[in-house]
A.B. asks: 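Encoded as structure tokens, here's the structure I'll be asking about.
The chains referred to below are lettered A, B, ... by the order of the sequence lines, with proteins before strands, and numbering in each begins at 1.
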Amino acid sequence: MPELDKAYDPAAVEPSLYGDWEAAGLFHAEPDAPGVPFSIVIPPPNVTGSLHVGHALDNTIQDVLVRRERMRGRNAVWVPGTDHAGIATQNVVEKQLAAEGTDRHAIGREAFLERVWRWKAESGGTILTQLRTLGASADWEREAFTFDEARSRAVREVFVSLFEQGLIYRGNRLINWCVRCLTALSDIEVDHEDVVGALTHFVYPFADGEGGIEVATTRPETMLGDTAIAVHPEDERYAAAVGRHVRHPFQDRTIPVVADAFVDPSFGTGAVKITPAHDPNDHALGLRHGLDVVVMLDEHGITMPVVGERFAGLERTAAREAVVTALGELGLVTRVDRHEHAVGHCSRCRTVVEPRLSDQWFVRVRPLAERAAAAVREGRTVFVPESRTEPFLDWLDGLHDWCISRQIWWGHRIPAWYGPDGEIEVSRTDVVRDGWTQDEDVLDTWFSSALWPFSVFGWPDDTPELAAWFPTSVLVTGYDINTFWVSRMLMMSLWFRDDVPFRVVHNHGLVRDEHGKKMSKSFGNVIDPLDLIARYGADATRFALLRSAAPGTDVPLAEEWVEGAKRFMNKLWNTGRFALGWLESGPVAPLPPEGRLALEDRWVLSRLAAFAADAEAGYAAYDWPVVTRALYRFAWDELADWYLEAVKRRLAAGGESADDVRRVLAVVLDTFLRFAHPVLPFVSEALWRALTGAGGGRDSLMVADWPDVAATGRADAGAEQDLAIVQDLVREVHRFRSQNRIAPSARFEVAVVAEGRVRDVLIDEADLVAALAGLEGLALVDAVSGGSGTSTIAFTGGVAEVELTGLIDVAAELDRLGKERERVLADRARLEAKLADEGFASRAPAAVVAKERDRLAEVGRVLGELEARIGGLGGASG
RNA sequence: GGGCGCGUAGCUCAGUGGGAGAGCGCUGCCUUCACACGGCAGAGGUCAGAGGUUCGAUACCUCUCGCGCCCACCA
């Protein structure tokens, strides 16, 4: 029999089990292995990253899913990998260069890339090592990287193919530009944040004659690039102005007043200054009206010479101040209002994004998005929880073209070459011709991530992996990247594989602190999962995360909760220790015949059946709180608190009854551990090996069979009802003890008055009740004596009388009985009122009415006993 | 400006058209031969508020208040 430590020590158990599984090759899958294929691809974390609680949750869920399916006999694979994370990674290395007093332009593109690759080889991907400590059963032999050779091939194939189909194009458009990262950003890489700014009103004087037009703007500096004033066509205030010109106060030019329905007459002054080069709306309006485009900010957001000597060379905010001051000096500023509005920020570096006109590459997403939306509407991919579906479809419907070029170096370089005479060639292979140069830009990181569900399986080659494991079974991810990533995978998979990338998208929430606050370094509420694993173990960390991960909600987490989960691990451990103190370690024998079993045996098997159904339902619904609650309740409340306590005396007595207990206990534990394994791989494996004598390696719980839920345990309503009688009496005796300050070690006799089933059960189970309640003995009698040295305990279905030779505090007992009487009286009043209600009696279902009548009768009987008791002790009964 | 979710014990959350629950925290007792990372018991709630449906609402409907999130090119 293996000796188990007194307390569960995760550090002593977890790493060695993980090593054993991995050495036995249990994580690895082959596409031609038996079993229905099941596959998950990891949302590839950034190579720059370290494991945070969000990853821990996301990967715990994936591990739970893949472990369960593996046990269910499916050919399950979980493909791990990392993302090259273009801008994020480039920023890391650029910071290093800055610290060395140099920059990427100084060392050049080639040397810079070498440097990033070197960094990646040395310190990238530590997150995958960290995932192992969490217990992740990923197929490490299949590790992929979004920028490795195989994935690069897929990227180029897709790019060229989309280009050939006219779905990728190059255009001069107004895009989101980060003046710090010096690159274009897609719409969703821009975060809108409310900021308090100013709405500045100023006047453009008419070029001919008196007066002018007052405009309102949040960005006065852009007036240096204004090429029109726009008003609503039906705005009478300005009807006469349309067609006239205003004079630019700082530049030697005039500006037309145009009419456009885009203008909202009710906002500001109803007249809008138009800067086609620096505002998306203005740009669109400019195209409609054929306006001049004056680019006045450079890539750094600095004003260019075109604005005139006075304002050139200023950073955006400085230019704003200078312009407002200058307008003020001319007496043109009429008002400055406080104004709260949303401003776009770079999601990578928080810099305010600048709309910028430039040559970029775009994906024409409409045709792809339509297929994605159709697939979701047809249910070919479903969201769990379902509530994420609608917002996702809405978002797809409003999708603009996707800007995919980035002006950085770390990433898939765009496979376009420019000839000396302005020719463009997009090619699957490098174009090497005199005078030709490749596009300097690289692709948005999400372009390669979009191909991940099939690129990891070797696409564009026809591989056995693709045939077996694509489409993947489930994608597990936070809802926050449905737009970035889920949508793009759907589009690309449907376009290039004519199938969805995954059958299910399981969206979990974001991990927050115990009060629902976002974790942030500045707030000091960040929880480090590696720290949790080190101190409480991987199983406890997994359990705590899953316990909070209700479908559709964010996931609150506090360290104390992980500590609580650790205590549960310890409880399980000690349940195992207890069992192993009595069991032979070896193969689990079948259950004894039902007719021979004791009440508590039948009861625990019935509870086991209910537990299995609950756990299975939770697993099937991706409802992790349901799963964890089922595990916790069964193991602690039912198995440990009641069954183990109930069978101790039988085990000690030995014989056939003890043998029955051993067999029931072995089956219960074996079954429970199987259900627990996906969530708690380490504790369950350690205990299971100890219990069954399994040798590890290929003989591990990790690859044991998932139980047949329908055949698990034995549902037995009678046993449940009968044991409830025992439990009720035991609890009441405990309560009586506690309230009367009677030591748990004090033994006394109890005489019980009861009828019918309650009486029969208590006769049969007198020893069990006595053992659990710490009684000297229990006898069934016809009536209580009501003697002065006695007290009574009311329980559901009867009354117990206790002979207490002076151990009881009469005042305390009267107090207890008085409180109980009040409770019962209130109950009776409520029931009487209800039954007296004609509406209830006539309209409620007969069964409900009968139930309430029975309850009233029972309450009346209990009240009678109580009052007799109170009178017997000399207390007032009324 | 749209859309969604939530408001149940001090905290985090389950829950159901018919007797208010769990974990943690708190209080008391217990070093009982698996576990003090434990056992037993207890205190604590107008189920946000107001209407409505119903014999009966914490639950279903409407509104109000409060909180959170997502989306959005109104200067």
Side-chain angles (χ1 to χ4, degrees), chain A residues 4 6-8 174 187 192 199-200 215-219 222 230 262-264 266-275 279-284 339 341-342 344 355 387-388 390-391 394-395 398 400 479-480 482-483 509-510 512 514-517 536 540 547-548 550 552-554 556-558 560-561 563-582 625-626 629 632-633 637 640-641 644-645 648 652 730-731 733-739 741-745 773-774 827 830-831 834 837-845 847-849 851-852 855 859:
Chain A
L4 299 184
K6 187 170 173 180
Y8 176 54
L174 201 63
D187 291 346
H192 293 273
L199 188 63
T200 304
V215 295
T217 179
T218 55
R219 298 200 57 193
T222 61
F262 148 77
V263 179
D264 175 3
S266 67
F267 187 90
T269 63
V272 193
K273 56 182 278 310
I274 301 296
T275 321
D279 180 275
N281 285 319
D282 295 5
H283 187 249
H339 184 64
H341 62 138
S387 59
R388 295 286 168 201
E390 271 308 315
D394 285 350
W395 183 81
H400 297 311
Y479 57 80
D480 55 322
N482 282 356
T483 50
L510 277 29
R512 295 171 177 274
E514 68 216 281
H515 300 295
K517 279 213 174 65
Y536 305 108
R547 203 178 199 181
S548 285
T553 70
D554 282 341
L557 183 72
E560 302 86 81
W561 304 355
E563 206 179 320
K566 165 74 195 311
R567 288 202 293 270
F568 178 44
M569 300 311 116
N570 194 57
K571 188 72 181 180
L572 291 177
W573 186 256
N574 276 287
T575 298
R577 278 182 72 217
F578 172 83
L580 287 163
W582 297 100
V626 164
R629 210 157 39 230
Y632 191 93
R633 287 207 174 140
D637 299 348
D641 285 352
L644 295 190
E645 293 304 322
K648 279 176 179 173
V730 168
R731 285 198 183 102
V733 172
H734 281 313
R735 199 148 77 96
F736 174 80
R737 270 202 145 93
S738 180
Q739 290 182 347
R741 300 271 182 272
I742 299 170
S745 52
D827 244 22
R830 187 183 54 76
L831 288 165
K834 195 171 197 174
D837 185 332
E838 228 172 272
F840 177 73
S842 60
R843 304 208 198 183
V848 173
V849 176
K851 194 177 154 204
E852 298 294 87
R855 209 178 272 161
V859 162

A.B. asks: Under 4.0 Å, heavy atoms only, any strand: does A:Val626 hit a base, just the sugar-phosphate, or nothing?
C.D. replies: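 Here A:Val626 touches no strand at all.
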A.B. asks: Is there a Watson-Crick or G-U wobble partner for B:G51 with both distances under 3.5 Å, and if so, which one is it?
C.D. replies: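 With both distances under 3.5 Å, B:G51 matches B:C61.
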A.B. asks: Can you tell me the Watson-Crick or wobble partner of B:G5, both distances under 3.5 angstrom?
C.D. replies: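 Matched B:G5 with B:C67 under the 3.5 Å cut-off.
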A.B. asks: Counting the atoms with a prime plus P, OP1 and OP2 as sugar-phosphate, which does A:Arg731 contact under 4.0 Å by heavy atoms, base, sugar-phosphate, or nothing?
C.D. replies: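 Sugar-phosphate, backbone atoms only, no base.
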A.B. asks: Do A:Lys834 and A:Phe840 form a cation-pi contact, if we require the NZ or CZ to be under 6.0 Å from the six-membered ring centre and within 45 degrees of the ring's axis?
C.D. replies: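 Flagged: A:Lys834 positioned over aromatic ring of A:Phe840.
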A.B. asks: Using heavy atoms to find the nearest nucleotide of RNA chain B for A:Ala216 and A:Thr553 separately, return the residue whose nucleotide is more 5′.
C.D. replies: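 Nearest-nucleotide comparison on RNA chain B picks A:Thr553.
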A.B. asks: B:U53 and B:A14: how far apart are their P atoms, nearest whole angstrom?
C.D. replies: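 Those two atoms are separated by 31 Å.
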A.B. asks: Where the side chain of A:Ala342 is concerned, which of B:C35, B:U12, B:A72 is the nearest nucleotide?
C.D. replies: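 The answer is B:A72, which lies nearest to the side chain.
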A.B. asks: Which one is paired to B:G21, where only Watson-Crick or G-U wobble pairs with both distances under 3.5 angstrom count?
C.D. replies: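 Across all strands, the one nucleotide that pairs with B:G21 is B:C13.
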A.B. asks: Taking atom types as they are modelled, would you say the side chain of A:Lys648 forms a donor-acceptor pair with the base of B:A34 within the 3.5 Å cutoff?
C.D. replies: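 Between B:A34 and A:Lys648, which were checked side chain against base, a qualifying N/O pair under 3.5 Å is present.
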A.B. asks: Report yes if a side-chain nitrogen or oxygen of A:Arg735 is closer than 4.0 Å to either non-bridging phosphate oxygen (OP1 or OP2) of B:G42; otherwise report no.
C.D. replies: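 Yes.
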A.B. asks: Let me confirm one number: the CD-CZ distance from A:Glu645 to A:Phe578, rounded to the nearest 0.5 Å.
C.D. replies: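 Rounded to the nearest 0.5 Å, the CD-CZ separation comes to 7.5 Å.
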A.B. asks: Quick one: does A:Lys571 reach the base of B:C37 with a side-chain donor-acceptor pair under 3.5 Å?
C.D. replies: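 Side chain to base: no pair below 3.5 Å.
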A.B. asks: What's the gap between B:C33 and B:G39 when it is taken at their P atoms, as a whole Å value?
C.D. replies: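 Comparing P positions in B:C33 and B:G39 gives a spacing of 14 Å.
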A.B. asks: Would you mind pulling out the nucleotide paired to B:U46, Watson-Crick or G-U wobble, both distances under 3.5 Å?
C.D. replies: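 With both distances under 3.5 Å required, B:U46 matches none.
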A.B. asks: Need to verify one output field. Residue with the more 5' nearest nucleotide on RNA chain B, A:Trp395 or A:Gly576?
C.D. replies: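 That would be A:Gly576.
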A.B. asks: Taking only the P atom of each, what is the distance from B:G5 to B:G23 in whole angstrom?
C.D. replies: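 Those two atoms are separated by 30 Å.
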A.B. asks: Counting only side-chain heavy atoms from C-beta out, which of B:G18, B:A14, B:G28 sits nearest to A:Pro845?
C.D. replies: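 The listed nucleotide nearest to A:Pro845's side chain is B:G18.
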A.B. asks: Between B:G1 and B:U54, how far is it from one C1' atom to the other, in whole Å?
C.D. replies: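 Rounded to whole Å, the distance is 39 Å.
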A.B. asks: When rounded to the nearest Å, what value does the distance between C1' atoms of B:G25 and B:G10 take?
C.D. replies: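 That atom pair is separated by 7 Å.
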A.B. asks: Between B:G44 and B:G28, how far is it from one C1' atom to the other, in whole Å?
C.D. replies: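 After rounding to an integer number of Å, I get 15 Å for this pair.
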A.B. asks: Do any side-chain nitrogens or oxygens of A:Arg567 fall under 4.0 Å of OP1 or OP2 in B:G38?
C.D. replies: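 Answer is yes, contact under 4.0 Å.
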A.B. asks: Only pairs with both distances under 3.5 Å count, Watson-Crick or wobble alike; so what is the partner of B:C40 in this structure?
C.D. replies: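 Partner of B:C40: B:G28.
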A.B. asks: What contact category does A:Tyr632 fall into here, base, sugar-phosphate, or nothing, at under 4.0 angstrom with non-hydrogen atoms?
C.D. replies: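 A:Tyr632: backbone/sugar contact only, no base atoms under 4.0 Å.
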A.B. asks: Roughly how far apart, to the nearest Å, are B:A41 and B:C24 at atom P?
C.D. replies: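 Here B:A41 and B:C24 have their P atoms 14 Å from each other.
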A.B. asks: Quick check for you: among B:A34, B:A41, B:C71, whose closest atom lies nearest to any side-chain atom of A:Arg577?
C.D. replies: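 When the side chain of A:Arg577 is considered, B:A34 is the closest of B:A34, B:A41, B:C71.
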A.B. asks: With a non-hydrogen cut-off below 4.0 angstrom, is A:Glu563 in contact with a base, only sugar-phosphate, or nothing?
C.D. replies: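 It contacts nothing in the nucleic acid.
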A.B. asks: Quick one: is A:Arg855 getting a side-chain N or O under 4.0 Å of the B:G19 phosphate, OP1 or OP2?
C.D. replies: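 Yes, such a contact exists.
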A.B. asks: Can you tell me how far C1' in B:A22 sits from the matching atom in B:C70, rounded to whole Å?
C.D. replies: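 Straight-line distance between the two C1' atoms is 31 Å.
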A.B. asks: Starting the side chain at C-beta, find the nucleotide from B:C35, B:C37, B:G18 nearest to A:Lys6.
C.D. replies: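 Comparing B:C35, B:C37, B:G18 against the side chain of A:Lys6, the answer is B:C35.
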A.B. asks: Kindly say whether A:Ala743 contributes a backbone atom to a donor-acceptor pair with the side chain of A:Arg737 at under 3.5 angstrom?
C.D. replies: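 Checking the backbone N and O of A:Ala743 against the side chain of A:Arg737, a donor-acceptor pair under 3.5 Å is found.
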